[in-house]
Amino acid sequence: MSLNMPALNIPVLGICAAQSNAGKTTLIAQLIPVLMQRGVRVSVIKHAHHQFDIDHPGKDSYKIREAGAVQTLIASGKRWALMTEMQRTPQYSDEADLTSLLTQLNTEYADLILVEGFKYAKIPKIEVYRPSLQLPLLATKDASIIAVASDAPLTLSIPVLPLNVIDNIAEFIIQQFLPQQLISS
């Protein structure tokens, strides 16, 4: 169901909003345990609009990265993380490339990839919309938005899901992307 994205063996679904602080991360954090209870393993790609660090000054990985390493992989028996300094690569751009990021995930580890942000990506998306924030509704201009999760009633030609009823949103996702995993809750 994805458009202009690499061929993956699992579905990709975006969670978007007109801008930051609309509740995208909160929705994803609430969805993951509900989907897990229904047997769905979820991986997430999160867009960041700013420079960020996952390691901190004084840590060995930070020293290695700051010394000029293009990639630094930190690993233990419990987890590993790969950091790539994109400005040190020939593919550097001011914006993250979702297509490239999707190919970095191991699709054997998950049943669904949720993508937070990347509101202009041509992938199926659920828009988080809160009328009280007085932000534009993207769904009226973006055909790749397949539903809107809102905290107020809306009349649209696509499904409007109650933002605060996570079970309904999870059920919609399963029905649309993972019908083989329909499990009654």
Side-chain angles (χ1 to χ4, degrees), residues 1-17 22-49 52 54 70-86 89-93 95-128 138-139 142-149 157-161 163 165-185:
M1 207 172 167
S2 63
L3 310 167
N4 301 332
M5 289 286 132
L8 299 173
N9 58 350
I10 64 173
V12 175
L13 172 64
I15 304 294
C16 70
K24 300 179 302 288
T25 301
T26 300
L27 176 58
I28 290 173
Q30 292 173 335
L31 271 172
I32 291 172
V34 173
L35 291 167
M36 284 177 52
Q37 288 174 348
R38 296 178 184 205
V40 179
R41 300 168 303 154
V42 179
S43 289
V44 176
I45 294 177
K46 182 183 180 351
H47 187 271
H49 292 284
F52 65 93
I54 63 168
V70 176
Q71 289 190 305
T72 306
L73 192 140
I74 308 164
S76 75
K78 292 188 178 211
R79 71 182 58 92
W80 64 267
L82 175 64
M83 293 178 291
T84 302
E85 292 296 317
M86 291 306 297
T89 69
Q91 295 83 21
Y92 178 65
S93 168
E95 187 56 51
D97 177 32
L98 181 57
T99 302
S100 296
L101 295 171
L102 285 167
T103 64
Q104 300 300 312
L105 293 179
N106 187 332
T107 58
E108 293 180 20
Y109 294 164
D111 304 305
L112 172 69
I113 299 171
L114 292 179
V115 175
E116 180 183 334
F118 293 95
K119 64 184 168 192
Y120 299 115
K122 297 298 180 194
I123 59 172
K125 296 182 289 279
I126 294 175
E127 178 180 359
V128 176
L138 302 175
D142 185 348
S144 60
I145 294 176
I146 61 168
V148 174
S157 61
I158 59 175
V160 177
L161 308 167
L163 181 57
V165 185
I166 303 303
D167 284 330
N168 288 14
I169 299 170
E171 190 65 24
F172 175 83
I173 292 169
I174 291 170
Q175 287 178 3
Q176 294 294 311
F177 297 94
L178 302 157
Q180 71 279 8
Q181 298 209 6
L182 284 173
I183 299 171
S184 57
S185 51

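What you see is a predicted model, and the numbers here were worked out from it, not measured in a lab.
- Counting heavy atoms from C-beta outward, V40 and F177 have side chains that stay 4.5 Å or more apart.
- The two atoms that bring A17 and A22 nearest to each other are CB-CB, 3.5 Å, heavy atoms only.
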Please assess L82 against Q71 for the test side-chain contact (heavy atoms from CB on, under 4.5 Å), listing each intermediate value before the final yes or no. CA-CA 7 Å; L82 175 64; Q71 289 190 305; 3.7 Å; yes

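- For the residue pair R41 and E108, the shortest heavy atom distance occurs at NH1-O, 3.1 Å.
- Residues forming a salt bridge (Lys or Arg N to Asp or Glu O under 4.0 Å) with K125 (at least two apart in sequence, or on another chain): D142.
- Looking only at side-chain heavy atoms (C-beta outward), V34 and E171 stay at 4.5 Å or farther from each other.
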Show the numbers, then the answer: is there a side-chain contact (heavy atoms from CB on, under 4.5 Å) between R38 and D167? CA-CA 10 Å; R38 296 178 184 205; D167 284 330; 3.7 Å; yes

Any chance you could lay out the side-chain contact (heavy atoms from CB on, under 4.5 Å) test for F118 and I123, step after step, and finish with the verdict? CA-CA 9 Å; F118 293 95; I123 59 172; 5.7 Å; no

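- Residues L73 and A75 approach most closely at CD2-CB, 3.8 Å, considering heavy atoms.
- Residues A110 and I10 approach most closely at O-CG2, 3.5 Å, considering heavy atoms.
- A pairwise comparison of heavy atoms in L178 and D111 identifies CD2-O, 3.4 Å as the closest pair.
- A 4.5 Å side-chain heavy-atom check between I166 and L31 finds at least one atom pair inside the cut-off.
- P124 and V12 get closest at one heavy-atom pair: CD-O, 3.8 Å.
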